[in-house]
Protein chains: 2
Amino acid sequence: MNHRPAEEASWSRRFAGTGHRLTAQRRVIMRHLAGIRRYLTARELHARLARSHPRMGLATVYRTLEMLRELDLVASTPRGAGEAAYLYCAGDHHHHAVCTRCGRVDDVPCRSLPGFERMLSSSYQFRLTEHQLEFYGVCARCS
Amino acid sequence: MNHRPAEEASWSRRFAGTGHRLTAQRRVIMRHLAGIRRYLTARELHARLARSHPRMGLATVYRTLEMLRELDLVASTPRGAGEAAYLYCAGDHHHHAVCTRCGRVDDVPCRSLPGFERMLSSSYQFRLTEHQLEFYGVCARCS
DNA sequence: AGTACTATCGAGAATGATTCTCGATAGGTG
DNA sequence: CACCTATCGAGAATCATTCTCGATAGTACT
Ligand SMILES: [Zn+2]
Ligand SMILES: [Zn+2]
Ligand SMILES: [Zn+2]
Ligand SMILES: [Zn+2]
């Protein structure tokens with residue numbers, strides 16, 4: 001669980017601006033997420049924190065994850081049968097390459113989208129505002 | 001609800017091959033989906049069919065949508081707070097441009113992905129097997 | 001068409017994830 | 001330290017989805 005102070009300064013500053021309190025629970029959750037490169041469900045995260053923080057409530061984990069998602073500090077994706085998984089995802093716009101064997105996630109810069117954008121604009125008169133892209137495959141370590 | 005016989009022949013043939021029975025309920029569900037260019041949740045679909053088929057059970061809608069997803073006849077996407085929405089999506093690999101105003105969905109051919117593929121392969125040693133891409137914006141009619 | 005064999009259906013119960021409620025707790029400010 | 005409230009924890013409530021089971025209806029074969 002590598003804890004990088006510089007990284008932490010970045011997202012902790014984010015809280016100050018929003019008026020939300022940076023409580024002990026929220027700091028613990030953010031640190032754990034920021035230190036792991038994989039999607040975690042609320043339950044998984046709660047279980048991982050159970051040892052070090054036995055009094056952490058599951059509702060708090062849900063509330064915090066939802067808040068972090070609104071602040072664009074984490075991304076969420078549906079996993080299997082209707083369970084959402086969350087990933088620390090701050091910084092500039094980018095996408096994710098998810099290893100289907102080990103679950104590791106690599107950040108991938110967003111390229112080659114202008115081609116789509118032109119096509120959507122010219123062929124469909126579609127004014128693009130957002131896009132969601134995720135890759136699945138096998139990472140270097142699992143090959 | 002434009003009903004195209006040629007289109008219907010395509011997916012009805014799909015059932016025969018799988019050993020699944022093409023029942024009245026499944027035909028009604030497929031026809032409705034194939035005739036509408038927007039994502040529908042199981043509940044929405046069930047409500048739309050309530051008038052013409054009052055005895056259609058919600059569980060049947062869920063079961064059928066799940067089956068159609070496995071047969072790659074529909075695509076699903078999570079909508080809002082953990083509710084899945086389904087879209088008729090047969091034919092070759094492509095993506096969707098969803099209008100955030102009216103909900104209309106346009107099919108978009110998959111281009112420009114080779115750039116990502118090369119980058120993933122060379123920079124990350126990531127062996128790409130799948131990808132999920134969806135566009136959001138405003139369609140021609142809504143502009 | 002009639003019969004047998006099952007897959008499928010409908011209705012409601014059960015499950016599981018997420019959200020809500022509310023009294024207790026603890027940031028933050030002065 | 002005292003006050004004000006946002007937040008917390010625990011459990012109830014909600015909501016989507018799946019499961020159970022007796023009834024129904026495709027399908028194959030007379
Ligand atoms: Zn891997
Ligand atoms: Zn992008
Ligand atoms: Zn539109
Ligand atoms: Zn594609």
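Hydrogens, waters and symmetry mates play no part in the numbers below; they use all other heavy atoms, side chains included. Proteins come first, then strands; the chains are lettered A, B, ... in the order of their sequence lines, and each starts at number 1.
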- request: For Arg21(B) and for Gly57(B), find the nucleotide of DNA chain C with the closest heavy atom, then tell me which residue's nucleotide is more 5'.
  value: Arg21(B)

Round to a whole Å and report the spacing from [atom1] of [X] to [atom2] of [N].
| X | N | atom1 | atom2 | answer |
| --- | --- | --- | --- | --- |
| Ile29(B) | dT8(C) | CD1 | C1' | 12 Å |
| His53(A) | dC8(D) | NE2 | P | 13 Å |
| His46(A) | dT18(C) | NE2 | C1' | 14 Å |
| Leu22(B) | dT27(D) | CG | P | 7 Å |
| Met56(B) | dC9(C) | CE | C1' | 10 Å |
| Arg63(B) | dT8(C) | CZ | P | 10 Å |
| Arg69(A) | dT19(C) | CZ | C1' | 14 Å |
| Glu66(B) | dA16(D) | CD | P | 18 Å |

Choosing from [options], which nucleotide comes nearest the side chain of [X]?
| X | options | answer |
| --- | --- | --- |
| Ala59(A) | dA10(D), dA16(D), dT7(D) | dA10(D) |
| His20(A) | dA10(D), dT7(D), dT18(C) | dT7(D) |
| Thr60(A) | dT19(C), dG9(D), dA6(D) | dG9(D) |
| Tyr62(B) | dT18(D), dA6(D), dT19(C) | dT18(D) |

Students often get this wrong, so: under 4.0 angstrom with heavy atoms, is [X] touching a base, only sugar-phosphate, or nothing?
| X | answer |
| --- | --- |
| Arg26(A) | sugar-phosphate |
| Gln25(B) | sugar-phosphate |
| Arg55(A) | sugar-phosphate |
| Ala24(A) | nothing |

- prompt: Between Thr23(B) and Ala84(B), which is nearer to the 5' end of DNA chain D once each is assigned its nearest nucleotide?
  reply: Ala84(B)

query: Looking at the rings of Phe135(B) and Phe126(A), which for Trp means the six-membered one, are their centres under 6.0 Å apart?
result: no

message: Checking Trp11(A) against Arg26(A) for the side-chain contact (heavy atoms from CB on, under 4.5 Å) test, could you report, in this order, the C-alpha distance in whole Å, the side-chain angles of both residues, the deciding distance, and whether it holds?
response: CA-CA 11 Å; Trp11(A) 53 258; Arg26(A) 289 173 182 171; over 6 Å; no

message: Does Arg79(B), at its CZ atom, have more than 12 non-hydrogen atoms belonging to other residues, nucleotides or ligands within less than 6.0 Å?
response: yes

message: Please tell me whether His93(B) and His131(B) have a donor and an acceptor in their side chains that are separated by less than 3.5 angstrom.
response: yes

field: Arg43(A) (side chain) and dG16(C) (base): donor-acceptor pair under 3.5 Å
entry: no

query: Does any non-hydrogen side-chain atom of Met119(B) lie less than 4.5 Å from one of Tyr124(B)?
result: yes

